[in-house]
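Take a look at the structure below.
So that the names make sense, note that chain A is the first sequence line, chain B the second, and so on, each numbered from 1.
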There are 2 protein chains.
Amino acid sequence: MYYPKDLETLINYYAKLPGIGAKSAERLAIATIDFSNEEIIDFSAALKNAKEHLTRCSICGHLTDKEICDICSEPTREQNLICVVEDYKNVFAFEKSGKFNGTYHVLNGLISPLDNIGPEDINLSSLINRIEHLQNPELILALKPTIEGEATTMYIKKILEDKQVKISRLAYGIPIGAEIDYLDNVTLEKALEDRKTISE
Amino acid sequence: MYYPKDLETLINYYAKLPGIGAKSAERLAIATIDFSNEEIIDFSAALKNAKEHLTRCSICGHLTDKEICDICSEPTREQNLICVVEDYKNVFAFEKSGKFNGTYHVLNGLISPLDNIGPEDINLSSLINRIEHLQNPELILALKPTIEGEATTMYIKKILEDKQVKISRLAYGIPIGAEIDYLDNVTLEKALEDRKTISE
């Protein structure tokens, strides 16, 4: 009860956010008070708008404020090249790199028998449906290298076996800038396995 | 432009907060979307309320949503014992410790000739005024041990010389739980200088 009530409410909301402890929440709330009136009104509106307007793209499942997201509706992007990701945050990561000119499909989860998450629990049937309407579709499976990621990758590969789809997965290897000493065994093993010939 | 507009606005506001970089701002904004509708409305209102209702106590300068703060208006607290602090965050720190039953005076800054901040730029005249209306006033100067803190401490001591005021400052020394090895020289020197006899 050492905070004025309105400040306390604000601190409690900041503290609900991931990675924000009691100390940080206090710091953020205090910093917020120093915002201008216009900023506060705008910030406050942004909270409501983000909650109200954001939905999932009806084609790929990405986060959007439209029926169909900007990526799916962009005519210059290769619609038959689909990068399959676990969640929409991955889309932001790829888009930031600016190196991919295809589209995405957001699974919104991974198959995980241990957690009782099966193929029907993730956004997969719409992917099959998309592929059936595309000419020479190509899938890039960009799922994380864990048991769940591998299981999902294998499942997608299997159900598309009899369809004409080119499928690849992201390369495994040493991340750029990493110290070899600190890499885990599995990464090193994969990097060795997938080593690339540079001179013969 | 890879974020939906409403999400981008929200990310930008989180990124304005201290210690929140672009990555964290994205993470916080995405977490916010998962709040319930009620939470969003409440959070949004808390932002506006905190900005609108919070002001400074007319007696001590502490942050409050009233004309006079809860601490100054609490009859059980020793009104003639005043802990002088740099800003209202310090008040929260003392109140959390729960070990102080006096009142505070928030200077809202420290004297700093280098930054052109003189005694008239901080909340000092109201402190002198308070003291003149108290019986046996006692001041605890809880200012940080920097050049500015020391300058302010010395100034307050000097202008109150001819008044009947007991003045002390916080003890300097080793913080509890610290490793002696990692302490700076000045702290060690102060801790030696102010050493306390425990047996004679």
Which atoms of [X] are under 4.5 Å from chain A, going by heavy atoms: the side chain, the backbone, both sets, or neither?
{"X": "E39(B)", "answer": "both"}
{"X": "T55(B)", "answer": "neither"}
{"X": "F35(B)", "answer": "both"}
{"X": "I20(B)", "answer": "side chain"}
{"X": "K5(B)", "answer": "both"}

Would Y13(B) and L47(A) satisfy side chain to side chain contact (heavy atoms under 4.5 Å, CB included), going step by step from the backbone distance to the final call?
CA-CA 10 Å; Y13(B) 274 105; L47(A) 282 169; over 6 Å; no
Mind checking whether [X] and [Y] sit in one hydrophobic cluster, side chains of I, L, V, M, F, W, Y counted as touching below 4.5 Å?
{"X": "Y14(B)", "Y": "L63(A)", "value": "no"}
{"X": "L81(A)", "Y": "V85(A)", "value": "yes"}
{"X": "L17(B)", "Y": "I11(A)", "value": "no"}
{"X": "I128(A)", "Y": "I82(A)", "value": "yes"}
{"X": "L141(A)", "Y": "L134(A)", "value": "yes"}

Taking every non-hydrogen pair under 4.5 Å, which of [options] racks up the most with chain A?
{"options": "I71(B), I33(B), T9(B)", "value": "I33(B)"}
{"options": "T64(B), D34(B), I30(B)", "value": "I30(B)"}
{"options": "V91(B), D42(B), I41(B), N12(B)", "value": "D42(B)"}

Please indicate whether [X] has more than 12 foreign heavy atoms, meaning atoms of other residues, nucleotides or ligands, lying under 6.0 Å from its [atom1].
{"X": "I147(A)", "atom1": "CD1", "answer": "no"}
{"X": "D162(A)", "atom1": "CG", "answer": "yes"}
{"X": "N129(A)", "atom1": "CG", "answer": "yes"}
{"X": "Q135(A)", "atom1": "CD", "answer": "no"}
{"X": "E193(A)", "atom1": "CD", "answer": "yes"}
{"X": "N136(B)", "atom1": "CG", "answer": "no"}
{"X": "E179(B)", "atom1": "CD", "answer": "no"}

For a quick test of reading the model, state the closest non-hydrogen atom pair linking P18(A) to R27(B) and the distance between them.
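Looking at all heavy atoms of both residues, the shortest contact is O-NH1, 2.9 Å.
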Just to be sure I understand the criterion: a residue of residues 99-114 of chain A counts if one of its heavy atoms is under 4.5 Å from a heavy atom of chain B. Which ones qualify?
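Residues qualifying by a heavy atom under 4.5 Å from chain B are absent, so none.
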Does any non-hydrogen side-chain atom of L54(A) lie less than 4.5 Å from one of L7(B)?
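Answer yes - side chains close enough.
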Identify which one of L10(B), D6(B), N37(B) satisfies the side chain to side chain contact (heavy atoms under 4.5 Å, CB included) criterion when paired with K51(A).
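Among the candidates, only N37(B) passes.
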With a 4.5 angstrom heavy-atom cut-off, which part of T32(A) approaches chain B: side chain, backbone, both or neither?
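Both the backbone and the side chain of T32(A) come within 4.5 Å of chain B.
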Under a 4.5 Å heavy-atom cutoff, which of K96(A), E52(A), K66(A) has the most pairs with chain B?
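Option with the top pair count is K96(A).
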Which one wins on heavy-atom pair count under 4.5 Å against chain B: A29(A), S24(A), S36(A)?
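Of the options given, most contacts go to S36(A).
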Enter the distance from F43(A):CZ to F43(B):CZ here, rounded to the nearest 0.5 Å.
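If we round to the nearest 0.5 Å, F43(A):CZ and F43(B):CZ are 5.0 Å apart.
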